[in-house]
Amino acid sequence: MATAQIPPTFAALRSRSQDGQVSSALEQVSLHELSGGEVLLRALYSGINYKDCLSILGRARIISHFPRIAGIEVVGEVLDSSHAAFQPGAEVMVHGFQTGIDFDGGFSEIVRVPAAHVQPLPAGLSPLQAATLGVPGFTVALALERFEQFGVKPADGLVAVSGAGGAVGLMAIAILSKAGYQVAAITRRPSQADALRALGAAEVIDAGLAAQAPRALEKARFVAAIDNVGGGMLAWLLRSMQDSGCVASVGNAGGNAFDGSVLPFIMRRVQLFGVVANAPWAQRHRLWARLAGDLRPDFNALQAHVHQLPLDGLLAHAALQLQGATSGRALVSFAPGP
Ligand SMILES: NC(=O)c1ccc[n+]([C@@H]2O[C@H](COP(=O)([O-])OP(=O)(O)OC[C@H]3O[C@@H](n4cnc5c(N)ncnc54)[C@H](OP(=O)(O)O)[C@@H]3O)[C@@H](O)[C@H]2O)c1
């Protein structure tokens, strides 16, 4: 047991609930306060997801029991393990399985997790590359696999990506363009157009187009779409699909409810499906191997969009991300040690 490396207390962002109000603060936490598990990690990077921002700022009921350390994903190094599959020094990652919700999560220097939730880092990915992809990259791979099952091919036409300047949007541009697809990046910030094109977008569309007075059906533009925004954007995408186009509903950064009609379905055979990143193991192994292989994005091009911040910068960042005032992929980066 590597107890010498394990400090008696360590920093974590812990969320508490009082009279229905959630607040989060940096605290010094002891090992015995963490939720259970066989594997103890030194966190290297924890991806900051939209859901984490909602969670730590108490804007949605995500955490099941308080106090809780949020953070739905973490890449780390095994410090100690009572499970034979994970030896000290191994680089691993955890995402989903209610991490940061039912179990303490990644916003902590030391993380304890059930061995059943731990995945070795995919061969060919460094800790930073795996963390950069994280839940957003895996989510894109889930959507892309469904497009492939529907028979969508790169030569078929444009694939729309909404919320293009966000983490899932950027990963979608990088991964889909690498796979040969023509990507139409939809953003509220056309000032980002050059950066989105540099990442691989073939076309950049002002999200304002989707807010114009709706028609029963719009011009048929897209063969597939990844929607990170929801609300009126999802309704517009459905009306803008070509015959047999498929739409992956991934996110709700712009709202949950949307108005619509059956016309896209009964006149253009449009297919709408949902994506949930908390996938079964067979799919995780298959898609992470692809993310390290044929779907591997250009990490050099992505680098400009990856923002690393210390744990004590997380709360301020989260408030900005929920306002839609951030862009790119944000990671809490933990200093070497403890
Ligand atoms: N289903 C799943 O398993 C899964 C997995 C990961 C994420 N998600 C969800 O997917 C969504 C995107 O996640 P993310 O990590 O990419 O979030 P993010 O980094 O915060 O990006 C969201 C993007 O959406 C756009 N946006 C933000 N607020 C908006 C608003 N009020 N109206 C219209 N557009 C808005 C912005 O793009 P522009 O500035 O370019 O317009 C923003 O960059 C979130 O809802 C998240 O919870 C779901």
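Note that ligands are numbered from 1 as they come in the structure, with each ligand's atoms numbered from 1 the same way.
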Indicate every side-chain donor-acceptor pair of residues 303-317 with a distance under 3.5 Å to a residue at least two apart or in another chain.
| from | atom 1 | to | atom 2 | distance (Å) |
| --- | --- | --- | --- | --- |
| His307 | NE2 | Ser327 | O | 3.2 |
| Gln308 | OE1 | Ser333 | OG | 3.2 |
| His317 | NE2 | Gln321 | OE1 | 2.8 |

Ring-face cation of Arg284 near Phe97 (centre distance under 6.0 Å, axis angle within 45°): yes
Give one line per pair: atom of ligand 1, protein atom, distance. Only N/O to N/O under 3.5 Å.
| from | atom 1 | to | atom 2 | distance (Å) |
| --- | --- | --- | --- | --- |
| ligand 1 | 1 (N) | Val250 | O | 3.0 |
| ligand 1 | 1 (N) | Val275 | O | 2.7 |
| ligand 1 | 3 (O) | Ala277 | N | 2.8 |
| ligand 1 | 16 (O) | Ala167 | N | 3.1 |
| ligand 1 | 16 (O) | Val168 | N | 2.8 |
| ligand 1 | 19 (O) | Ala167 | N | 2.9 |
| ligand 1 | 19 (O) | Gln321 | NE2 | 3.4 |
| ligand 1 | 20 (O) | Gln321 | NE2 | 3.0 |
| ligand 1 | 31 (N) | Ala253 | O | 3.4 |
| ligand 1 | 39 (O) | Arg188 | NH2 | 3.1 |
| ligand 1 | 39 (O) | Arg189 | NE | 2.8 |
| ligand 1 | 39 (O) | Arg189 | NH2 | 2.9 |
| ligand 1 | 40 (O) | Gly165 | N | 2.8 |
| ligand 1 | 40 (O) | Thr187 | OG1 | 2.7 |
| ligand 1 | 40 (O) | Gln192 | NE2 | 3.3 |
| ligand 1 | 41 (O) | Arg188 | N | 2.8 |
| ligand 1 | 41 (O) | Arg188 | NE | 3.0 |
| ligand 1 | 43 (O) | Gly166 | N | 3.2 |
| ligand 1 | 45 (O) | Asn252 | N | 2.9 |
| ligand 1 | 45 (O) | Asn252 | OD1 | 2.8 |
| ligand 1 | 45 (O) | Ala253 | N | 3.3 |

Ring pair (Phe, Tyr, Trp, His ring centres under 6.0 Å) partners for His285, two or more places apart: Trp281
Carboxylate-amine/guanidinium contact Glu148 Arg290, below 4.0 Å: yes
Show the atom names and distances, to 0.1 Å, of all donor-acceptor pairs under 3.5 Å that link a side chain in residues 190-213 to residues at least two apart or in another chain.
| from | atom 1 | to | atom 2 | distance (Å) |
| --- | --- | --- | --- | --- |
| Gln192 | NE2 | Thr187 | OG1 | 2.9 |
| Asp206 | OD1 | Gly208 | N | 2.8 |

Check against salt bridge (Lys or Arg N to Asp or Glu O under 4.0 Å), Arg268 and Asp243: CA-CA 4 Å; Arg268 291 185 180 165; Asp243 189 36; over 6 Å; no
